[in-house]
Amino acid sequence: MDRYEPGQIEPKWQRVWEDARAFYVDNPDPSEPAQREKFYMLEMLPYPSGDLHMGHVLNYTLGDVVTHFRRRHGFVVLRPMGFDSFGLPAENAAIRGGGHPREITERNIAAIRAQMHRLGWAIDWDREVSAHQPEYYRWTQWLFLKFLEAGLAYRKAAPVNWCPRDQTVLANEQVIDGRCELCGCEVEARNLEQWFFRITAYADALLDDHAMLDWPERTKTIQRNWIGRSEGAEVLFRVDELDLDLPVFTTRPDTLFGATFMVLAPEHPLVEQLAAGTEHEQAVSEYVKHTAARSTEERETKEKDGVFTGRYALNPATGEPVPVWVADYVLMEYGTGAIMAVPAHDERDFEFAERYGLRVVRVVEPADGSDEEPGSAFVEHTENELLVNSGRFSGQPAPEAARAIVDWLGERGRGRAAVRFRLRDWSFSRQRYWGCPIPIVYCDACGIVPVPEDELPVLLPDVEDYRPKGIPPLASNQEWLHVPCPRCGGEGVREAETMDTFVDSSWYFLRYCDPHNDQAPFDRAIADFWMPVDQYIGGIDHATGHLLYSRFFVKVMNELGLVGAREPFARLFHQGWVRLGGTKMSKSRGNVTAPDQLAEMYGADAVRLFILFMGPADQDMEWTDEGVEGIARFLRRLWRIVNEVAQQPVSGEPGDGPLARKTHATIAKVTDDIGRRFVFNTPIAALMELVNELAPAMSDPAARLAGETLVSLIQPYAPHIAEELWQRLGHERLWEHPWPVADEALLERDTFELVIQVNGKVRDRLEISADLPEAELIEQAKASPRVQAQLDGKEIRQAIVVPRKLVNFVV
RNA sequence: GCCGGGGUGGCGAAACUGGUCAUACGCGCCUGACUUAAAAUCAGGUGUCUCCUUCGGAGGCGUAAGGGUUCGAGUCCCUUCCCCGGCACCA
């Protein structure tokens, strides 16, 4: 028998699959009813940064197992691949002197594509797309124009996150703990004119439609926190002297009678007007200036401070004037940028009131009369709290009072129920080069003018210098920049900013459906056949970025009639991090084990098996080189045993002996684990068990069945060795062979092992006929000498019988 | 602080709806076979303590800690500790 040589058989079968176009799939013919059920398998597309790492291997191997498993269950499986190829790393590499970003990117794509082929993943390469190709970004631009038309893309000046190193604006989602997600330096707040997508208009839909998604609970929770929906009321506080109303947002309208002062954010537009003409005018203006110079971090950690404006507003409930203060613990970005302060029931307001000697009035008390420190914490908003000092609402339970007070305010035009979100609109313009150009022309006469659809794409031009200088690099290309206004023909200037790469990846799964369409981003009928993605796999780090943006995009596209789906990803799975020495594997940490090097040493099949055998795929795992050795050993064992089986003459029926039963139990286990439980490590263990059972039983009549089943079941994990062994067993084209079905009759046995417990402890086990009546069963159990020793003449108080499992004697 | 997920052998981990001496499968380690030797391969062993003269048995204790429910708990409930992730001056 020849040796197992993955280096020989793996390229061989990869060529066979390619020649047979095994994993390419045609779009449905609209004139014919679909023959088979579709399955859209998708993994998050890679950023082409250089090489694949083990995290990618895990991600795409998971997808590959599911792809094979579904294909062999008769589904038409769409499993495409592409590249998220715009973005800063390539541009920064270009600046460091690596050539044009396009060259760097395309070189990296070629390298990754080769690695993907080497690992034998079943991908439909006819559908490959890359974000930086004009054929793709033409439609990214087209979609932008549709969003603009619908009023869902707009340009406005707003405080935004500015990364001083990368010299660009970042979305809130790209700022982690106040730092740039990419370069790690602290971001600054800047007031700049930027492009935004109106994702906030979909805040409720994004929350509500979680109900239709089979997603991990923690991912939904992360999105829920990020969107941050709060229910409450908007209440107007009147400043009579100036004849203006100050709106505040509160989640606790029941505490309105306890609002003894107001606080405005220093950035609040009315601050200046309020303080004007009072003796505090000077102090207020200094405080505002001082705050602007404070860092976000200082603002969050220092003791609360503020200044009085010299003005009073009327509490609409009590009718009493309350002082209006300015303090930077109130944030302009949230609510209305002004609050009613209830020091008795809010820690922050209490701290502030203590410091400045402001009045504290308790308005909510526990119904049981127990005492609480004022301001120690916001009281629970439950039926167990009653209002006090609240006029005609005194004595009412808090939740009921909240509703009644809002109604009462409504009647008098002083307030209404309101909902606020933490989510901000998505700022997506970037002051950098390597991204999708925004198809806009600015014209002095016409303002912001969209580039007409038939002039798309606006091609990304070459520039002399990519270096970030605060102004977009594209602006340096004068020839490109100056164009006639598409509307009036007068002098126009192109938008020189580019789009956030998250825009590119917010619709790529739709382009895969119809990747060569040059009339539209995709044909709706085709997209409606494939969408939604049935199984999406990728990192949880995209929970508030890509996974939120894509949902938003699909919702908008649905409303624009472009697609029937309302959600992009029906089912979602997150693979864990692959770690080495305790830290996440990454290039920057230098602790990367190169997948292709390992594939060279052990074969792609061993790498694929091991990455899934290490542990549950959704859990972080620690990489060990010894582990791969173990898997390689297993594959050699499998190779030897199946080759031996193949050389034996084909015998008669497998029968119903232990090996035949074990074989069918393995089919059931592997099928259930992959199909229903979506776990991938235990099937490998089950296959190892079957190998261990087959090895000493080569002359068993079921040996051939066991061997063939092993090969068939391992195919999704290790397709090359499986195909080779399948051929040696005298068959062909395992990749399209139906998945084996367990014989229920062989899973059921006519005898079973009865476990006998005394007081819950196992004392003996007996092989018992399955149809034995209960009374007989108890007698037999009692007769066991080991049980007798335990019973030892004691009285049996109760005998619990679990059918086909155990008897428990209680003494 | 609030929300979500975890804690099982020397290690990665099994035990899926409470029911087979918990620890499958693999790694590591130990012993043996083959070999001049090594690698590879093959066979066996591997939670812990106690007892029996042995081969081999018998028994106690063990799933972060403590308590509870149950005939029976790694699995359910309560309390505490620790780890990971998200949000957080969000009114």
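Basis for what follows: all heavy atoms, side chains included, without hydrogens, waters or symmetry-related copies. Reminder, nothing fancy here: chain letters follow the sequence lines and each chain counts from 1.
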Assign each of Val810(A) and Ala686(A) the nucleotide of RNA chain B bearing its closest heavy atom; nearer the 5' end lies the nucleotide of Ala686(A)
U46(B) and U23(B), which share atom name P, separated by this distance in whole Å: 12 Å
Suppose we screen for salt bridge (Lys or Arg N to Asp or Glu O under 4.0 Å). Which residues come up paired with Arg414(A), at least two apart in sequence or across chains? Asp245(A)
Between the protein and nucleotides 2-6 of chain B, which nitrogen or oxygen pairs come in under 3.5 angstrom?
none

Distance check needed: G85(B) P versus Ile540(A) CD1, whole Å only. 11 Å
Pi-cation contact, Phe352(A) with Lys304(A) (under 6.0 Å, within 45°): no
Considering only atom C1', compute the distance from A14(B) to G86(B) and round it to an integer number of Å. 30 Å
If you compare every side-chain N and O of Ser230(A) against the phosphate oxygens of A91(B) (OP1, OP2), does one of them come in below 4.0 Å? yes
Across the strands shown, which category fits Ile222(A) at heavy-atom distances under 4.0 angstrom: base, sugar-phosphate, nothing? sugar-phosphate
Under a plain distance cut-off of 3.5 Å, with no hydrogens placed, do Asp305(A) and Tyr329(A) share a side-chain donor-acceptor pair? no
Salt bridge (Lys or Arg N to Asp or Glu O under 4.0 Å) against Arg677(A), all qualifying residues, sequence neighbours excluded: Asp673(A)
Residue Arg359(A) excluded, over 12 heavy atoms near CZ under 6.0 Å: no
Under 4.0 Å between a side-chain N or O of Arg252(A) and OP1 or OP2 of C90(B)? no
For a quick test of reading the model: is some side-chain N or O of Arg636(A) closer than 4.0 Å to OP1 or OP2 of U41(B)? yes
What nucleic acid atoms does Gly335(A) come within less than 4.0 Å of, heavy atoms only: base, sugar-phosphate, or nothing? nothing
When the P atoms of U8(B) and A13(B) are compared, how many Å lie between them, rounded to an integer? 9 Å
Starting at CG of Asn808(A) and ending at P of G19(B), how long is that distance when rounded to a whole Å? 13 Å
The side chain of Asn692(A) is closest to which nucleotide in this list: C25(B), C90(B), C71(B)? C25(B)
Please report the distance separating the P of G74(B) from the corresponding atom of C21(B), rounded so that it comes out in whole Å. 11 Å
Between G18(B) and A73(B) - C1' atom distance, rounded Å: 6 Å
Taking atom C1' of A40(B) as reference, at what distance in whole Å does atom CH2 of Trp639(A) sit? 17 Å
Mind checking salt bridge (Lys or Arg N to Asp or Glu O under 4.0 Å) for Glu234(A) and listing every partner two or more places apart, or none if nothing turns up? Arg416(A), Arg420(A)
Out of A91(B), C42(B), C27(B), whichever nucleotide has its closest atom nearest the side chain of Arg348(A): A91(B)
With C1' as the reference atom in both, quote the distance from C78(B) to U69(B) in angstrom, rounded to an integer. 11 Å
Distance between the C1' atoms of G72(B) and C52(B), in whole angstroms? 31 Å
Going by atom types alone, do Ser230(A) and Tyr334(A) pair a side-chain donor with an acceptor below 3.5 Å? yes
Distance check needed: A24(B) P versus Leu690(A) CG, whole Å only. 18 Å
If you find the nucleotide of RNA chain B closest to Asp349(A) and the one closest to Ile684(A), which residue's nucleotide is nearer the 5' end? Ile684(A)
Per-nucleotide protein contact string for nucleotides 7-18 of chain B (B base, S sugar-phosphate only, - none; heavy atom under 4.0 Å): -----BSSSB--
Ion pair check, Asp204(A) and Arg229(A), cut-off under 4.0 Å: yes
Winner on side-chain proximity to Arg637(A), out of C90(B), C42(B), A40(B), is C42(B)
Can you tell me which residue among Ile714(A), Val670(A), Ile667(A), Leu710(A) is in a side chain to side chain contact (heavy atoms under 4.5 Å, CB included) with Leu690(A)? Leu710(A)
Hunt down any stem RNA chain B takes part in, defined as 3 or more consecutive Watson-Crick or G-U pairs whose two distances are each under 3.5 Å. B:1-7 with B:81-87, B:10-12 with B:25-27, B:28-33 with B:41-46, B:47-52 with B:56-61, B:64-68 with B:76-80
Nearest whole angstrom, please: distance from the P of C90(B) to the CG of Asp328(A). 13 Å
Tell me which nucleotide among U41(B), A91(B), C25(B) gets nearest to the side chain of Arg640(A). U41(B)
Over how many whole Å does the gap from Leu638(A) atom CG to U41(B) atom C1' extend? 16 Å
Heavy-atom donor-acceptor pair, His574(A) side chain to Asp618(A) backbone, under 3.5 Å: no
Please check if any side-chain donor atom of Tyr602(A) sits under 3.5 Å from a side-chain acceptor atom of Glu629(A), or the reverse. yes
Using a 4.0 Å heavy-atom cut-off across all strands, classify Val263(A) as base, sugar-phosphate, or nothing. nothing
Syn or anti for G5(B), please, going by whether the chi angle lies within 90° of 0. anti
Rounded interatomic separation in angstrom, taking CG from Leu548(A) and P from C87(B): 12 Å
P atoms of C25(B) and G44(B), separation to the nearest Å: 12 Å
Stacked cation flag Arg571(A) on Phe678(A), 6.0 angstrom / 45 deg: yes
Within 45° cone of Trp226(A) ring axis and under 6.0 Å: Arg424(A) NZ or CZ: no
Please determine, for the side chain of Gln757(A), which listed nucleotide (C27(B), A91(B), G19(B)) has the closest atom? G19(B)
I'd like to know whether Leu713(A) forms a side chain to side chain contact (heavy atoms under 4.5 Å, CB included) with Thr666(A), so could you lay out the CA-CA distance, the side-chain angles of the two residues, the decisive distance to 0.1 Å, and finally the verdict. CA-CA 9 Å; Leu713(A) 293 179; Thr666(A) 306; 3.9 Å; yes
Once you round it to whole Å, what is the distance between P of A91(B) and CG of Leu256(A)? 17 Å
